[in-house]
2 protein chains.
Amino acid sequence: MGSLRYAMLGLINREPSTGYDISKAFSGKLGSLWNAKHSQIYPELKKLLEDGLVEFETIIQGEVMEKKLYNITLEGKDAFMEWLLSEEEFYCAPNDNLRVRMYFCENMTFEQFRKSLLKQRERRSADLESLSLKVEQWNNNIPMFNSPELGDYMLLQNARLREKAYVEWLDYCLNHINDIEKKKSE
Amino acid sequence: MGSLRYAMLGLINREPSTGYDISKAFSGKLGSLWNAKHSQIYPELKKLLEDGLVEFETIIQGEVMEKKLYNITLEGKDAFMEWLLSEEEFYCAPNDNLRVRMYFCENMTFEQFRKSLLKQRERRSADLESLSLKVEQWNNNIPMFNSPELGDYMLLQNARLREKAYVEWLDYCLNHINDIEKKKSE
DNA sequence: GAAAACATGTAAGTCGTTACATGATTGG
DNA sequence: CCAATCATGTAACGACTTACATGTTTTC
């Protein structure tokens, strides 16, 4: 995808960061969007440095421990903004396992099929519930423009609507196969 | 992901196929779900063969041209069914570019932001429209149980609901930033 | 006769994960 | 003092893409 570097630039652009900070951002609040590991982040930082998009200063933590605090360069800001305002999107459909399995549903019995769908529905609707709760928590304090929290809020809404659609789909499938089964036994 | 082999097994299970057939299925009607290239398919066929999940016979096409027609073995059927009825799902959030960009929206002006969202909305709603049309085409002839077309139909519905949710999200974002902008100018 | 489709592979490189490796600092 | 967290890397492997490579058959 090639956008890991830009996501990293975006984080460094918000505030000077160490590889560890970036790593934590990805496994923390950014995690639902993208969970990049430190083993990918450190090498990418090296490349960004080589390309002149970031620079770093060495900080001494405690007595000896060195850490590298990265900062975005002017060149880096330009590259980031160019990416941010770019328009090419190739939205690869994510191939989740359930969808692939459903494609081959003709090999399942009614009961197996139903069980699969219900199991999945359980998980997805639990997910949806927790996302809805999170949305509610924002509702007293919806982020304004030019606030870095606007992105968080919008992605949360995205996740919520996505999960909602997934549950709708599962319900649709359940209804559909129930209908077929009913017709058969008539 | 490790499920390519099972998707391939599923196709071969439907009917004996050559690597080329499988490749075409992936770039054709399966394409929206998964677009595996022949350069991935041929090596995987080799592995499936080594693992005894498929076997093949050589067919002569025309005068000289050899093709390998693969067939699923009993072992292959077992492996496929086990996967099909398995329950572990790790639904990685797909990281599409737009979502990542929206996460960093604080760096955009109102106009840039709006333009991005509108552009995306245009594409997504065109997509949604064409998916809705395809659904309508099915509607006189909704596939029954144990028909391989039931999978096609369900995945089509999945895609439609997914796109619908995406457009809803974009509309939500557009409304939201419009509100903010209005408040600002009051 | 030429183009499109059939047919099968390999190689190089990117992206990402899991595991290997190491050590310092902070808070209880 | 021990565990959690801070901090930074490398190696091996798997999934996937793009490009390299080759040849046949069908259709117009």
Side-chain angles (χ1 to χ4, degrees), chain A residues 1-8 11-12 16-28 30-31 33-51 54 56-70 88 90-97 100, chain B residues 1-8 11-12 16-28 30-31 33-51 54 56-70 88 90-97 100:
Chain A
M1 193 162 288
S3 56
L4 174 62
R5 52 170 32 212
Y6 296 106
M8 286 171 61
L11 290 172
I12 297 168
S17 307
T18 64
Y20 189 78
D21 293 332
I22 295 169
S23 185
K24 276 202 68 179
F26 276 110
S27 63
L30 249 169
L33 176 69
W34 195 338
N35 201 330
K37 318 291 189 214
H38 74 278
S39 54
Q40 214 184 342
I41 286 163
Y42 289 112
E44 190 64 43
L45 276 171
K46 223 183 209 172
K47 280 184 209 163
L48 286 169
L49 195 67
E50 275 165 27
D51 295 345
V54 297
F56 73 90
E57 53 177 323
T58 304
I59 305 276
I60 305 292
Q61 187 89 344
E63 297 290 298
V64 237
M65 203 171 81
E66 291 186 355
K67 63 178 183 179
K68 293 175 184 174
L69 195 68
Y70 286 87
E88 39 76 42
F90 23 76
Y91 39 153
C92 43
N95 49 357
D96 73 289
N97 248 331
V100 184
Chain B
M1 192 163 287
S3 57
L4 174 63
R5 51 171 33 213
Y6 297 107
M8 286 171 60
L11 290 172
I12 297 169
S17 306
T18 64
Y20 189 78
D21 292 333
I22 294 169
S23 185
K24 276 202 69 180
F26 275 109
S27 62
L30 249 171
L33 175 69
W34 196 337
N35 200 331
K37 317 291 189 217
H38 75 278
S39 54
Q40 214 183 342
I41 287 163
Y42 289 112
E44 191 64 44
L45 275 171
K46 223 185 210 170
K47 281 184 209 160
L48 285 169
L49 194 66
E50 275 165 27
D51 295 345
V54 297
F56 73 89
E57 53 177 324
T58 304
I59 304 276
I60 305 292
Q61 186 89 343
E63 296 292 297
V64 237
M65 204 171 82
E66 291 186 355
K67 63 177 183 179
K68 293 175 184 173
L69 196 68
Y70 287 86
E88 38 76 42
F90 23 76
Y91 40 150
C92 44
N95 49 357
D96 74 287
N97 248 330
V100 184

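Quick note on labels: first sequence line is chain A, next is B, and so on, each numbered from 1. The basis for the numbers below is simple: all heavy atoms, side chains too, and nothing from hydrogens, waters or symmetry mates.
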*A/I59 CD1 - D/dC6 P separation (whole Å)*: 17 Å

*Presence of A/K67 side-chain N/O under 4.0 Å of D/dT8 phosphate oxygens OP1/OP2*: no

*Separation of D/dG14 P from B/K37 NZ (nearest whole Å)*: 22 Å

*For A/Q61 and for A/Q40, find the nucleotide of DNA chain D with the closest heavy atom, then tell me which residue's nucleotide is more 5'.*
A/Q61

*Hey, is the side chain of A/K24 poking within less than 4.0 Å of OP1 or OP2 on D/dA4, counting only N and O atoms?*
no

_Nearest listed nucleotide, side chain of B/Y42, among C/dG9, D/dG23, D/dT10_ = C/dG9

*Do the non-hydrogen side-chain atoms of B/S23 and B/Y42 ever get within less than 4.5 Å of each other?*
no

*Name the orientation class of the two ring planes belonging to B/Y70 and B/F56 (parallel below 30°, tilted from 30 to 60°, perpendicular beyond 60°).*
tilted

*asked:* Tell me the interatomic distance from B/I41, atom CD1, to C/dG9, atom C1', rounded to whole angstroms.
replied: 13 Å

*Over how many whole Å does the gap from B/H38 atom NE2 to C/dG9 atom C1' extend?*
7 Å

*Is there a side-chain contact between B/E66 and B/I60, using heavy atoms and a 4.5 Å cut-off?*
yes

*asked:* Is the shortest side-chain heavy-atom distance between B/F26 and B/M8 below 4.5 Å?
replied: yes

*Between C/dG9 (P) and B/E66 (CD): distance, integer Å*: 10 Å

*Any side-chain N or O of A/Y20 under 4.0 Å from OP1/OP2 of D/dT8?*
no

*asked:* Without decimals, in angstroms, what is the distance between A/I60 CD1 and D/dA7 P?
replied: 12 Å

_A/K46 side-chain N/O to D/dT10 phosphate OP1/OP2 under 4.0 Å_ = yes

*Please tell me which of A/E63 and A/A36 maps to the more 5' nucleotide of DNA chain C, matching each residue to the nucleotide holding its nearest heavy atom.*
A/A36

*Nucleotide of D/dT8, D/dT10, C/dT8 approaching B/T18 most closely (side-chain heavy atoms)*: C/dT8

*Per B/L4 side chain, nearest of listed nucleotides D/dG9, C/dA7, D/dC16*: D/dC16

*Report the distance from atom CZ of A/F26 to atom C1' of D/dT8, rounded to the nearest whole Å.*
17 Å

_Rounded to whole Å, how long is the line connecting atom CD of A/E44 with atom P of D/dT10?_
14 Å

*Taking N and O atoms by type only, does the side chain of B/S39 place a donor or acceptor under 3.5 Å from a partner on the base of D/dT18?*
yes

*Whether B/T18 side chain and B/D21 backbone form a donor-acceptor pair below 3.5 Å*: yes

*Whichever of A/V64 and B/Y70 has its nearest DNA chain C nucleotide further upstream toward 5'*: B/Y70

